[in-house]
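Worth knowing before you read on, the calculation uses all heavy atoms, side chains too, and leaves out hydrogens, waters and symmetry mates.
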Amino acid sequence: MKHRNQVFDNVLDLVGNTPLIKLNKVASKFKGSFYAKVESFNPGQSSKDRIATYIIEEAERKGILTPGATIIETTSGNTGFSIAMVSIIKGYNCVLAVSSKSSADKIDMLKTMGAKVYVCPAHVSADDPRSYYEVAKRLHNEMKGSVYINQYFNQLNIDAHYASTGPEIWKQTEGKITHLIACSGTGGTISGTAKYLKEQNPNIKVIGVDAFGSVIKKYHETKEFDEKEIYPYRIEGLGKNLIPTATDFDVIDEFVKVTDEESAHTARELARSEGLFVGYTSGAATQALKQLGEEGVFKKDDYVVVIFPDHGSRYMSKVYSDKWMHEQGFFDSINEAAAQNIEYIK
Ligand SMILES: Cc1ncc(COP(=O)(O)O)c(C=O)c1O
């Protein structure tokens, strides 16, 4: 990987080597030092650039991917965008099977990046032939030489972060890191990063961030898959209603749950107080930091790293929309909220 003051052959040379930026305000009342690993500095504006590049280059090395082949995945989110970006540069076809719940903006973004998008009905069960899982599987079987990324169940998702995010943080902190806080969706980021860091220093505490409505925290504590834990929530990208094999529960010390509302307000606070325009899960991770801080977990010499997975621009119609915040009941009054920063000249 190169440094930013060099000239690059293509956009993929910029994947990884993201900055570690000190949080000067949001955690100032707690003991210790706090830093964010800001993954929106990747060219595709999220940490998923790392897994897309790594998994595709592994498939090339093993001779599984040949020029012009097709890469398939089931997401309208960051991973889809990153796979589309890598596919363009490397000359592959990118096929994404997504749920009809995906916003038109997201689908347009993927199409802009050259992906072929199959929009599948959201209301059918996972084993229905029309579900996005089944459509992806069928396309994979039909297309000879295609590769199915399958990020929730792919060990390479963990390996990608073991090979890059972990070593970068160790180097950037000069080995001083004492705590890692990261959201867990597929679990790839936290598992790979934690595995590397704990190999350097087994005393590093690793804290996963989970949503209310997800089974992950309870599964970590009891090894029980409790369906009663599952209910709808708004944050996209953390927590799950299944247990991904891309999560290595053994390297995670504990999980902290955060609410949709507090995470949304904390994401907004990051923009206002730190000048960091980052996504909803960055707000969630910082919310977890605050909860731990309030419990008095951190000491004077602690060096805490929080992973910020993506950029705020992907949430303009959600967390960064006053209207959306109001509709969720996160503001008392939309006029009250909007009036804070807007004046209409008549
Ligand atoms: C916005 C966002 N935050 C956090 C995560 C969690 O990362 P991981 O899947 O590596 O656990 C994801 C990925 O699913 C994501 O898209």
Side-chain angles (χ1 to χ4, degrees), residues 11-12 15 39 42-60 62 64-66 68-103 105-122 124 126-161 184-189 191-192 236-238 240-242 244-247 281 309-310 314:
V11 77
L12 299 187
V15 175
E39 291 291 292
N42 280 298
Q45 299 188 321
S46 88
S47 55
K48 296 296 180 179
D49 282 2
R50 296 179 188 268
I51 70 165
T53 323
Y54 187 89
I55 295 174
I56 290 169
E57 288 181 352
E58 273 297 298
E60 287 173 336
K62 290 179 188 147
I64 300 167
L65 259 180
T66 49
T70 298
I71 302 172
I72 300 170
E73 184 56 322
T74 49
T75 170
S76 62
N78 288 323
T79 306
F81 188 88
S82 297
I83 295 169
M85 183 184 79
V86 178
S87 298
I88 287 167
I89 303 297
K90 290 180 170 284
Y92 300 115
N93 301 309
C94 173
V95 167
L96 301 169
V98 310
S99 150
S100 55
K101 270 199 309 198
S102 310
S103 72
D105 271 0
K106 279 192 170 174
I107 293 170
D108 284 345
M109 213 158 74
L110 300 173
K111 285 184 357 208
T112 303
M113 294 303 280
K116 160 104 191 183
V117 183
Y118 289 81
V119 182
C120 309
V124 299
D127 55 4
D128 187 293
R130 294 165 299 164
S131 80
Y132 55 90
Y133 295 113
E134 287 300 319
V135 169
K137 267 198 258 167
R138 174 173 63 75
L139 293 169
H140 178 44
N141 290 335
E142 283 171 10
M143 292 176 178
K144 229 172 148 263
S146 65
V147 168
Y148 180 19
I149 301 281
N150 205 6
Q151 62 172 341
Y152 282 90
F153 299 98
N154 191 336
Q155 169 67 32
L156 296 174
N157 178 355
I158 298 182
D159 297 350
H161 292 284
S184 194
T186 66
T189 306
S191 305
E236 297 159 66
L238 90 164
K240 206 62 199 165
N241 55 1
L242 51 80
T245 58
T247 307
T281 53
D310 70 352
R314 300 213 164 139

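Residues Met143 and Asn93 form no side-chain contact, since every pair of their non-hydrogen atoms from C-beta on lies 4.5 Å or further apart. Considering only heavy atoms from C-beta on, Pro309 stays 4.5 Å or farther from Thr189 through its side chain.
By the 4.0 Å N-to-carboxylate-O rule, Glu73 lies too far from Lys48 to be salt-bridged with it. Salt bridge annotation for Lys62-Glu58: present, with a cationic side-chain nitrogen under 4.0 angstrom from a carboxylate oxygen.
Here the side chain of Asn154 pairs a donor or acceptor atom with the backbone of Ile149 at under 3.5 angstrom. Although no hydrogens or angles enter the test, the distance criterion places a donor-acceptor pair under 3.5 Å between the side chain of Ser87 and the main chain of Ile83. In terms of modelled atom types and a separation under 3.5 Å, the side chain of Thr186 and the main chain of Tyr152 share no donor-acceptor contact.
Annotation: the span from Thr53 atom OG1 to Asn42 atom CG amounts to 8.0 Å, rounded to 0.5 Å. In this structure, Ile55 CD1 and Glu57 CD are separated by 11.5 Å, a value rounded to the nearest 0.5 Å. Here the straight-line distance linking atom CD1 of Ile72 with atom CD of Glu142 works out to 9.0 Å at 0.5 Å rounding. Here CG of Leu12 is found 5.5 Å from CE of Met85. Values are rounded to the nearest 0.5 Å. With values rounded to the nearest 0.5 angstrom, Arg138 atom CZ is found 10.5 Å from Ser131 atom OG. Note: Phe81 CZ to Cys94 SG = 11.0 Å, rounded to the nearest 0.5 Å.
When all heavy atoms of Thr247 and Ile158 are compared, the closest pair comes out as N-CD1, 4.4 Å. Across all non-hydrogen atoms, the minimal contact from Ser102 to Ser99 is OG-O, 2.7 Å. Here the closest non-hydrogen pair linking Arg130 and Val124 is NH2-CG1, 3.2 Å. Scanning both residues, Leu65 and Ala69, for their nearest heavy atoms gives CD2-CB, 3.7 Å. Annotation for Asp49 and Ser82: closest pair OD1-OG, 2.6 Å, computed over non-hydrogen atoms.
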Q.
Could you go through Lys106 and Glu236, starting from their C-alpha distance and side-chain angles, then the distance that decides it, and tell me whether this counts as salt bridge (Lys or Arg N to Asp or Glu O under 4.0 Å)?
A. CA-CA 13 Å; Lys106 279 192 170 174; Glu236 297 159 66; 2.7 Å; yes

Q.
Using side-chain contact (heavy atoms from CB on, under 4.5 Å), reason through Thr75 and Tyr132 one step at a time and then give a plain yes or no.
A. CA-CA 9 Å; Thr75 170; Tyr132 55 90; over 6 Å; no

Pair up each side-chain donor or acceptor in residues 108-122 with any protein partner under 3.5 Å, not counting sequence neighbours, and list the distances.
| from | atom 1 | to | atom 2 | distance (Å) |
| --- | --- | --- | --- | --- |
| Thr112 | OG1 | Asp108 | O | 2.6 |

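A donor atom on one side chain and an acceptor atom on the other are found under 3.5 Å apart for Thr79 and Gln151.
Applying the side chain to side chain contact (heavy atoms under 4.5 Å, CB included) criterion to Ala160, with sequence neighbours excluded, gives Ile51, Tyr54.
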